[in-house]
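The next block holds one structure in the form of structure tokens; read it before the comments.
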Amino acid sequence: QPRAMAQILPLELIDKCIGSRIWIVMRGDKELVGTLRGFDDYVNMVLEDVTEYEITPEGKRVTKLDQILLNGNNVALLVPGGSPNYD
């Protein structure tokens, strides 16, 4: 019989990512990769050493940012330790 998987809540998973790189896919045409420094119950996040990828009609725009506060409202997907294959 299969072993029972321990339940892990979403905020627990995010908490384990503090200090690590995380890939964030936003609703719309924006993705970010950065080091997660903190978050709250609404998944607003403080990120450092951030690269923002934006898909525009002219192509891909890449922006480097030192530190940001990211509003969690438009986050579609979090990938711990991940990064897009754009580089």
Side-chain angles (χ1 to χ4, degrees):
Q1 84 194 39
R3 280 193 353 218
M5 294 283 291
Q7 177 180 343
I8 183 165
L9 298 172
L11 293 179
E12 289 180 271
L13 178 62
I14 299 169
D15 190 58
K16 290 177 187 296
C17 296
I18 289 182
S20 300
R21 300 293 283 172
I22 190 166
W23 172 24
I24 301 161
V25 179
M26 307 296 289
R27 288 193 289 217
D29 295 323
K30 197 175 284 191
E31 299 179 18
L32 302 103
V33 177
T35 301
L36 181 64
R37 290 294 171 216
F39 68 98
D40 64 12
D41 287 347
Y42 302 101
V43 195
N44 298 314
M45 290 172 274
V46 175
L47 299 161
E48 288 181 347
D49 188 23
V50 178
T51 304
E52 177 186 78
Y53 302 92
E54 191 168 7
I55 308 304
T56 68
E58 296 78 41
K60 180 188 63 178
R61 184 167 62 214
V62 178
T63 308
K64 301 278 190 183
L65 303 161
D66 287 338
Q67 187 176 63
I68 63 168
L69 170 58
L70 181 67
N71 185 306
N73 278 341
N74 293 312
V75 171
L77 179 69
L78 298 172
V79 185
S83 66
N85 297 329
Y86 298 145
D87 296 336

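Nothing fancy with the numbering, it's 1 onward along the sequence. No experiment lies behind these values; they were computed from the predicted model shown.
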Handout entry: Test side-chain contact (heavy atoms from CB on, under 4.5 Å) applied to Asn73 - qualifying residues, sequence neighbours left out
Key = Asn71
Exercise for the section: Please indicate whether Asp41 has more than 12 foreign heavy atoms, meaning atoms of other residues, nucleotides or ligands, lying under 6.0 Å from its CG. Expected result: no
Practice task
Verify side-chain contact (heavy atoms from CB on, under 4.5 Å) between Ile22 and Leu47, making sure each step is shown before the conclusion.
Solution key: CA-CA 9 Å; Ile22 190 166; Leu47 299 161; 4.0 Å; yes
Exercise for the section: Using side-chain contact (heavy atoms from CB on, under 4.5 Å) as the criterion, list what pairs up with Glu54, not counting sequence neighbours. Expected result: Lys30, Glu52, Thr56, Arg61
Handout entry: Atom pair CG (Asp49) and OG1 (Thr35), whose distance is rounded to the nearest 0.5 Å
Key = 5.0 Å
Exercise for the section: State, yes or no, whether a side-chain contact exists between Val33 and Tyr53 at a heavy-atom distance under 4.5 Å. Expected result: yes
Practice task
Determine, using the 4.5 Å side-chain heavy-atom cutoff (strictly less than), whether Leu36 and Val25 are members of one ILVMFWY cluster.
Solution key: no
Exercise for the section: Check whether any side-chain heavy atom of Leu11 lies under 4.5 Å from a side-chain heavy atom of Val43, and answer yes or no. Expected result: yes
Practice task
Would you kindly confirm whether Phe39 and Met26 end up in one hydrophobic cluster when ILVMFWY residues are joined by side chain heavy atoms under 4.5 Å apart?
Solution key: yes
Exercise for the section: Tell me whether Leu78 is reachable from Leu65 by hopping between hydrophobic residues (I, L, V, M, F, W, Y) whose side-chain heavy atoms are closer than 4.5 Å. Expected result: yes
Exercise for the section: Output all residues satisfying side-chain contact (heavy atoms from CB on, under 4.5 Å) with Asp29, sequence neighbours left out; order by chain, then residue number. Expected result: Ile55
Exercise for the section: Apply the side-chain contact (heavy atoms from CB on, under 4.5 Å) test between Met45 and each candidate in Ile24, Ile18, Leu69, Leu32; give the one that qualifies. Expected result: Ile24
Practice task
Determine, using the 4.5 Å side-chain heavy-atom cutoff (strictly less than), whether Val50 and Trp23 are members of one ILVMFWY cluster.
Solution key: no
Handout entry: Gap separating the CD atom of Glu31 from the NZ atom of Lys60, nearest 0.5 angstrom
Key = 10.5 Å
Fill in the blank from the handout: dist Arg37:CZ -> Cys17:SG (nearest 0.5 Å) comes out at 12.5 Å
